[in-house]
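Let me begin by presenting the structure, written as C-alpha cells, before commenting on it.
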Amino acid sequence: MQHIINVLDRIGEKIGSVVSWIAVLLAIVIGLDVIIRYVFQFTYVWIIEIEIYAFGMMFLLASGYTFKYEKHVRVDVFYAKLSKKRKAWIDLVGGVCLLVPWCYVVIVSSWYYGLASFLIKESSPQPGGLPALFVLKFCITLGFVFLLIQGVSHMLKSIQIIFNKDM
C-alpha cells in the first residue's frame, strides 16, 4: 500500500511543480498588463483573458496539491482536538462519502461540458479574445482528477493509521 501512496503523492508533487509555473506566468502577464495600462493608457482583451485563464487553471489544477499539504479550507473546531486515529476515521469516511462521489460527479459532468466546447471549437465571445475556451473547461475535469488522486492517497494513509500499518 505504501508504494501506491508514494506514486500518488509523486504525481501530486509533479503537478504542483508544473502549476507553480502558471503562477510565474500569471505574475509576468499581470505586470505587463499594469505597465501597458498605466504607461500607454490601454490594454488588450487577450491579455486580460490570459490572466483569467491562468488564474482559473492555477486554482483548479493545484487543488490536489493543496489537499496533499492540508492547506484547503477546513472547519476544524472539533477535528483539531481529536486523536490521530479519530482524525483518520473522519478523513476516511469523508473521503469515501463526500470527496470521491463529488469528484466523480464533477469529472463526468465537466468532461461533457469541455467536450461540447471542444466540438464547436468554442472561443472567447469577446472581440480580440483568446481561442480555445475548451482548454479552460477541460481544466475543471483535470483539476478534479488530480484532487481525486490525492484524495485516494489521503484515504489510504487514513487506513494505515486506523489499522496501524506501515506507519
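FYI, side chains are in, hydrogens and waters are out, and symmetry mates aren't considered; it's all heavy atoms of this structure. Sequential numbering from 1 along the given sequence is applied to the chain's residues.
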Mind checking the [atom1]-[atom2] spacing from [X] to [Y]? Nearest 0.5 Å is all I need.
X: N6; Y: M1; atom1: CG; atom2: CE; answer: 12.0 Å
X: K85; Y: I162; atom1: NZ; atom2: CD1; answer: 8.0 Å
X: E13; Y: L8; atom1: CD; atom2: CG; answer: 12.5 Å
X: I161; Y: S83; atom1: CD1; atom2: OG; answer: 10.0 Å
X: D33; Y: W46; atom1: CG; atom2: CH2; answer: 9.5 Å
X: T141; Y: F146; atom1: OG1; atom2: CZ; answer: 10.5 Å

Taking every non-hydrogen atom, the tightest pair across [X] and [Y]:
X: I36; Y: I47; answer: CD1-CD1, 3.8 Å
X: L61; Y: C139; answer: CD2-O, 3.9 Å
X: S153; Y: I5; answer: OG-CG2, 3.7 Å
X: P101; Y: G95; answer: CD-O, 4.1 Å
X: S158; Y: A88; answer: CB-O, 3.4 Å
X: M58; Y: A23; answer: SD-CB, 3.4 Å

Hey, are the side chains of [X] and [Y] touching, using non-hydrogen atoms and a 4.5 Å cut-off?
X: L142; Y: L60; value: no
X: L82; Y: W89; value: no
X: L130; Y: S123; value: no
X: L115; Y: W111; value: yes
X: M57; Y: L136; value: yes
X: L99; Y: C103; value: yes
X: L92; Y: H154; value: no
X: K87; Y: I90; value: no

More than 12 foreign heavy atoms under 6.0 Å from CZ of F42: is that the case here?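 Yes.
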Determine, stepwise, if the pair F134 / I120 fulfils side-chain contact (heavy atoms from CB on, under 4.5 Å). CA-CA 9 Å; F134 57 87; I120 64 170; over 6 Å; no
Path from [X] to [Y] over hydrophobic side-chain contacts below 4.5 Å:
X: Y104; Y: L148; value: yes
X: I50; Y: V34; value: yes
X: L156; Y: I15; value: yes
X: V135; Y: L119; value: yes
X: Y38; Y: I30; value: yes

I'd like to know if the side chain of [X] and the backbone of [Y] have a donor-acceptor N/O pair within less than 3.5 Å.
X: S63; Y: G143; value: yes
X: K71; Y: T66; value: no
X: S110; Y: Y113; value: no

Carefully, step by step, assess D9 and K157 under the rule salt bridge (charged side-chain N to carboxylate O under 4.0 Å, His left out). CA-CA 11 Å; D9 284 348; K157 290 174 190 172; 2.9 Å; yes
Quickly, which of Y65, F67, W102 forms a side chain to side chain contact (heavy atoms under 4.5 Å, CB included) with L147? Name it, please.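 The option that passes is F67.
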Going by atom types only, do Y79 and D91 share a side-chain donor-acceptor pair under 3.5 Å?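 A pair is found: one side chain offers a donor N or O, the other an acceptor, under 3.5 Å apart.
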Which residues, ordered by chain and number, are linked to I48 in its hydrophobic cluster, where ILVMFWY side chains connect at heavy-atom gaps below 4.5 Å, directly or through other members?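 Under the 4.5 Å side-chain rule, I48 groups with I52.
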Are K121 and F118 in a cation-pi setup, meaning NZ or CZ lies under 6.0 angstrom from the ring centre and within 45 degrees of the ring axis?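 Yes; both conditions hold, so K121 lies above the ring face of F118.
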Residues in side chain to side chain donor-acceptor pair (under 3.5 Å) contact with E122, at least two apart in sequence or another chain: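 Residues passing side chain to side chain donor-acceptor pair (under 3.5 Å) with E122: S117, K137.
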